[in-house]
Protein chains: 2
Amino acid sequence: MNKMHKEHNLTKNQKIIFDLIDKSPQPLKAYSILYNVQKKGIKAPLQVYRALDKLVEIGKIHKIESRNAFIACHNSNCQVAKATAFSICEICEKVTEISSAGLSKYLANFKDKDGMKYSKYNLEFFGLCKKCTLK
Amino acid sequence: MNKMHKEHNLTKNQKIIFDLIDKSPQPLKAYSILYNVQKKGIKAPLQVYRALDKLVEIGKIHKIESRNAFIACHNSNCQVAKATAFSICEICEKVTEISSAGLSKYLANFKDKDGMKYSKYNLEFFGLCKKCTLK
DNA sequence: TACATAATGTTATATTATAACAATAACTAA
DNA sequence: TTAGTTATTGTTATAATATAACATTATGTA
Ligand SMILES: [Zn+2]
Ligand SMILES: [Zn+2]
Ligand SMILES: [Zn+2]
Ligand SMILES: [Zn+2]
């Protein structure tokens, strides 16, 4: 396998599943992924979930928790899935990863009154996207 | 009970389920709730989910999305479940609702580059609580 | 009253996710 | 190289989370 790239060397299943998610304009759910990759030999839910777990772990995809769905990371700053923010349209379900230096900085530095130390966060904003606002 | 909330007259099932969640020191999952209220005559998952949906809608409880679990609101500022923030310990799973005027203000005013208008957000911080840090 | 709305009870089913175990592939170090 | 180790895969079964559909009962309101 080609080792020239510094990117993670995805395995066969991981690559099949990442490519599908990466091409999708909206988040995909696990069983929809399964249905779409069955022609490529991935037959069981666990094969999908294992690839998803790994892809989340290395930051290639993110899970949209409120939707149980997965989206490819398009934010080059975000090597690992430890600081994520998304906007979600409640009508058309369009999801966009938010890339804001100000927001990242604010949240990375946030400290609560108990002095708890945070290593990770996930933020989901909900509202109407531009398109749906005009309707 | 928190009187800052607008008083909703909870129905019988809603009250049984809210009381259970309110007394719990940690978030409860739907089927654990079901198990615990069966002696009070609530027999089916749907009875639990319907009460949970309503309680979330009126802001008496919140769903911790990353855990599929429910916690009572102890934040008097939080009339409705439109602006929520939690800290979650990744070892002991202790969850605390964050009440920070600065954070609320920052997030309520946040605007992304597409000019999307947000009506709601949910933020989950992950890390180690004080107790687990000392171990 | 009569109508509308909300909540309940019940059965069945859909959706999301993991357990357990055997086999293979890939990586590491003597 | 070769054995030991770890990661990944394949497979079957099952657990955990959540909703559909429909009949009934309670509550609010004109
Ligand atoms: Zn990202
Ligand atoms: Zn939209
Ligand atoms: Zn609250
Ligand atoms: Zn802890």
Side-chain angles (χ1 to χ4, degrees), chain A residues 1-21 24 26-71 81 93 95 122 124, chain B residues 6-21 24 26-71 81 93 95 124:
Chain A
M1 222 182 233
N2 187 353
K3 306 227 168 163
M4 299 304 288
H5 287 275
K6 198 69 190 93
E7 287 178 2
H8 280 274
N9 294 313
L10 300 184
T11 64
K12 182 174 133 277
N13 289 1
Q14 288 161 14
K15 186 156 181 12
I16 290 169
I17 287 171
F18 174 72
D19 286 347
L20 182 70
I21 296 172
S24 169
Q26 74 278 100
L28 295 178
K29 313 197 100 191
Y31 277 72
S32 146
I33 292 168
L34 174 59
Y35 178 80
N36 278 282
V37 297
Q38 277 179 328
K39 49 184 166 296
K40 304 211 167 171
I42 294 175
K43 292 174 190 163
L46 201 43
Q47 295 174 286
V48 172
Y49 280 103
R50 285 198 282 225
L52 290 174
D53 286 350
K54 189 68 186 183
L55 291 167
V56 166
E57 185 192 323
I58 64 180
K60 298 281 287 180
I61 65 172
H62 302 303
K63 181 172 186 182
I64 309 301
E65 292 287 355
S66 65
R67 299 298 186 261
N68 298 318
F70 300 85
I71 191 175
E93 292 292 324
V95 174
N122 179 54
E124 297 181 4
Chain B
K6 180 183 174 203
E7 275 308 325
H8 286 272
N9 295 314
L10 301 184
T11 64
K12 181 175 134 277
N13 288 1
Q14 288 161 13
K15 187 157 179 12
I16 291 169
I17 287 171
F18 175 71
D19 286 346
L20 181 71
I21 296 172
S24 169
Q26 74 278 98
L28 295 178
K29 313 197 102 194
Y31 277 72
S32 146
I33 292 167
L34 175 59
Y35 178 81
N36 278 282
V37 297
Q38 278 178 328
K39 49 184 168 297
K40 303 210 167 170
I42 294 175
K43 290 174 189 162
L46 201 43
Q47 294 174 288
V48 172
Y49 279 104
R50 285 197 283 224
L52 290 173
D53 286 351
K54 189 69 187 181
L55 290 167
V56 166
E57 185 192 323
I58 65 181
K60 300 279 288 179
I61 65 172
H62 302 302
K63 182 173 187 182
I64 309 300
E65 291 287 354
S66 65
R67 300 297 186 261
N68 298 318
F70 300 86
I71 192 174
E93 293 291 325
V95 174
E124 298 181 3

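Since this is a predicted model, take the numbers as computed values, not measurements. Throughout, a chain's letter reflects where its sequence line sits, starting with A, and its residues are numbered from 1.
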Euclidean distance, B:Asn13 CG relative to B:Ile42 CD1, rounded to 0.5 Å: 4.0 Å

Spacing of CZ belonging to B:Phe70 relative to CD1 belonging to B:Ile64, to within rounding of 0.5 Å: 9.5 Å

D:dT9 phosphate, OP1 or OP2, under 4.0 Å from A:Thr11 side-chain N/O: yes

Protein-nucleotide distance (A:Leu10, atom CG; C:dA25, atom C1'), rounded to Å: 16 Å

Any residue meeting side chain to side chain donor-acceptor pair (under 3.5 Å) with A:Gln38, in chain and number order, not counting sequence neighbours: none

Between the first and last five pairs of the helix from C:dT1-D:dA30 to C:dA30-D:dT1, the angle of the axes, rounded to 10 degrees: 50°

Under 4.0 angstrom between A:Lys54 side-chain N/O and D:dT8 OP1 or OP2: yes

Between P of D:dA18 and CD1 of B:Ile33, the distance in whole Å: 10 Å

Distance, rounded to the nearest Å, where A:Leu52 contributes CG and D:dT8 contributes P: 14 Å

Enumerate, atom names and distances included, each donor-acceptor pair closer than 3.5 Å involving a side-chain atom of residues 43-56 of chain A, sequence neighbours excluded.
{"unit_1": "A:Gln47", "atom_1": "OE1", "unit_2": "A:Lys43", "atom_2": "N", "d": "2.8"}
{"unit_1": "A:Gln47", "atom_1": "OE1", "unit_2": "A:Ala44", "atom_2": "N", "d": "2.9"}

Nucleic acid footprint by protein, nucleotides 10-19 of chain C - heavy-atom cut-off 4.0 Å, B for base, S for sugar-phosphate alone: BB----BBBB

A:Asn13 side-chain N/O to D:dG10 phosphate OP1/OP2 under 4.0 Å: yes

Separation of D:dA18 C1' from B:Leu34 CG (nearest whole Å): 12 Å

Stepwise side-chain contact (heavy atoms from CB on, under 4.5 Å) test for A:Leu20 and A:Val37: CA-CA 8 Å; A:Leu20 182 70; A:Val37 297; 4.0 Å; yes

Under the side chain to side chain donor-acceptor pair (under 3.5 Å) test, residues paired with A:Ser24 that sit two or more places apart: A:Gln26

Sequence-distant partners of B:Thr11, side chain to side chain contact (heavy atoms under 4.5 Å, CB included), two or more places apart: B:Gln14

Exercise: do A:Ser66 and A:Glu124 side chains pair donor with acceptor under 3.5 Å: yes

Gap between atoms CG and C1', on B:Asn9 and C:dA6 respectively (whole Å): 13 Å

Sequence-distant partners of A:Lys15, salt bridge (charged side-chain N to carboxylate O under 4.0 Å, His left out), two or more places apart: A:Asp19

